[in-house]
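All residue numbers in this chain count up from 1 along the given sequence. Since this is a predicted model, take the numbers as computed values, not measurements.
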Amino acid sequence: MPTASSFAPVAASCVLYIKHMVCARGIRVVRRELEILGLRVLDVRLGAATVAGTAESLDWPRIRQALTTAGFALLEDPAHQRVARIKQAVTTLLRRPDTLRHRDFMPALALETGLSVRRLHACFARLPGHDSLLSYITRQRVTYAQELLATSRSGIGRIARQLGYGSLAHFSGQFRRFAQCSPSAYRQQLETAAASTAPNDASHGLFDAKPEAASPV
């Protein structure tokens with residue numbers, strides 16, 4: 001028989017969509033700023049923070065001011081919030097340990113966001129001046145490839161498979177389209193740059209690449 005605690009209401013929470021969060025440091029700073037405001041922070045990830053309480057109970061002007069002072073921007077327009085949520089899901093899916101083939105990515109994105117594939121495309125199409133959803137996904141996939149080329153010794157073929165490409169030619173073609181060079185040339189450029197900055201250190205590795213923001217518009 002259910003106890004009284006079984007019917008306890010689920011604590012309310014509110015998601016804040018935040019622009020200009022592009023790295024782990026941004027996550028730490030946002031968490032700190034929200035906690036300074038006295039908010040109970042439940043989760044912070046690139047592009048979003050979840051805090052306890054309802055939207056009506058939050059002091060939005062104070063939150064907006066604190067984030068702006070720290071170099072971020074609060075997204076309050078519903079259309080931009082939806083796109084921010086989609087972008088966040090794209091980043092999550094690309095970095096999942098189990099590789100998603102290209103044909104499986106859109107269904108997985110729809111499941112992750114709770115939106116139909118048609119609605120996903122429509123959300124991007126309604127915002128003027130933005131890439132199409134497919135173009136955005138490809139750009140983020142290439143950005144992640146650049147990160148892997150810079151921070152790992154994995155072969156280019158292995159990286160292509162990790163990103164869901166069925167062929168090395170397909171991967172190289174899309175990489176060249178967005179990065180203006182081949183994957184092997186990009187890695188060579190990084191190695192040359194690293195060697196020139198530390199000529200006497202044979203053990204010096206590739207420097208970290210800075211991935212493009214998955215955070216919200």
Side-chain angles (χ1 to χ4, degrees), residues 18-29 45-48 71-72 83-109 112-113 120-121 124 127 129-217:
I18 304 167
K19 187 177 180 180
H20 305 319
M21 292 173 63
V22 297
C23 62
R25 179 181 176 279
I27 290 176
R28 293 194 298 270
V29 173
R45 61 188 67 185
L46 291 179
F72 304 99
V83 170
R85 184 155 56 93
I86 295 168
K87 287 185 174 184
Q88 182 181 337
V90 168
T91 299
T92 299
L93 290 175
L94 284 177
R95 285 160 172 74
R96 270 179 27 174
D98 48 326
T99 300
L100 280 172
R101 306 292 286 184
H102 283 212
R103 64 177 177 270
D104 300 324
F105 195 88
M106 288 303 299
L109 183 61
E112 184 79 10
T113 59
L120 288 170
H121 285 290
F124 266 69
L127 292 182
H130 284 75
D131 289 340
S132 69
L133 176 56
L134 291 180
S135 180
Y136 177 79
I137 292 171
T138 300
R139 189 182 298 278
Q140 291 305 303
R141 189 176 272 118
V142 170
T143 296
Y144 188 33
Q146 290 176 309
E147 180 183 330
L148 293 173
L149 287 167
T151 59
S152 78
R153 290 289 181 178
S154 296
I156 292 174
R158 182 175 180 181
I159 290 174
R161 290 191 297 274
Q162 182 176 341
L163 291 170
Y165 286 94
S167 72
L168 182 57
H170 186 198
F171 169 59
S172 296
Q174 289 199 334
F175 190 96
R176 188 184 296 274
R177 175 186 167 199
F178 285 92
Q180 306 303 312
C181 66
S182 68
S184 58
Y186 182 81
R187 174 170 273 173
Q188 182 60 49
Q189 290 170 10
L190 294 176
E191 292 174 341
T192 300
S196 66
T197 57
N200 298 320
D201 185 359
S203 65
H204 186 71
L206 297 175
F207 59 79
D208 291 337
K210 293 183 179 180
E212 182 183 335
S215 64
V217 283

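- Here the CD1 atom belonging to Ile137 is positioned 9.5 Å from the CD atom belonging to Gln140, to the nearest 0.5 angstrom.
- Residues forming a side chain to side chain contact (heavy atoms under 4.5 Å, CB included) with Ile27 (at least two apart in sequence, or on another chain): Met21, Val44, Leu46.
- Here the CG atom belonging to Leu94 is positioned 10.5 Å from the OG1 atom belonging to Thr99, to the nearest 0.5 angstrom.
- Listed by chain and residue number, Ser184 satisfy the side chain to side chain donor-acceptor pair (under 3.5 Å) test with Ser182 (two or more places apart in sequence, or in another chain).
- With sequence neighbours left out, the side chain to side chain contact (heavy atoms under 4.5 Å, CB included) criterion links Leu134 to Met106, His121, Ser132.
- Rounding to the nearest 0.5 Å gives a distance of 7.5 Å between CD of Gln162 and OG of Ser152.
- Scored by the side chain to side chain donor-acceptor pair (under 3.5 Å) test, Arg45 finds Asp43 as partners (sequence neighbours excluded).
- Rounded to the nearest 0.5 angstrom, Cys181 SG and Gln189 CD are separated by 4.5 Å.
- For the pair Leu133 and Leu109, the minimum side-chain heavy-atom distance is below 4.5 Å.
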Given Gln88 and Thr91, is the side chain to side chain contact (heavy atoms under 4.5 Å, CB included) satisfied, shown in steps? CA-CA 5 Å; Gln88 182 181 337; Thr91 299; 5.9 Å; no

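- Here the side chains of Phe105 and Val90 are in contact, with some heavy-atom distance below 4.5 Å.
- How far CD of Glu112 is from OG1 of Thr92: 6.0 Å, rounded to the nearest 0.5 Å.
- The two residues Leu100 and Ala108 come nearest to each other via the heavy atoms CD1-CB, 3.9 Å.
- Arg139 places no side-chain N or O within 3.5 Å of a backbone atom of Phe178 that could act as its donor or acceptor partner.
- In this structure the side chain of Phe72 reaches within 4.5 angstrom of the side chain of Val29, judged on heavy atoms.
- Summarising the geometry, atom CG belonging to Leu120 is positioned 9.0 Å from atom CZ belonging to Arg85; distances are rounded to the nearest 0.5 Å.
- Between Pro183 and Leu149 there is a side-chain heavy-atom pair separated by less than 4.5 Å.
- With sequence neighbours left out, the salt bridge (Lys or Arg N to Asp or Glu O under 4.0 Å) criterion links Arg25 to no other residue.
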Determine all donor-acceptor pairs shorter than 3.5 Å in which one atom belongs to a side chain in residues 168-175; sequence neighbours excluded.
| from | atom 1 | to | atom 2 | distance (Å) |
| --- | --- | --- | --- | --- |
| His170 | NE2 | Gln174 | NE2 | 3.4 |
| Ser172 | OG | Leu168 | O | 3.0 |
| Gln174 | OE1 | Tyr165 | OH | 2.7 |

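- Annotation for Ala145 and Leu163: closest pair CB-CD1, 3.4 Å, computed over non-hydrogen atoms.
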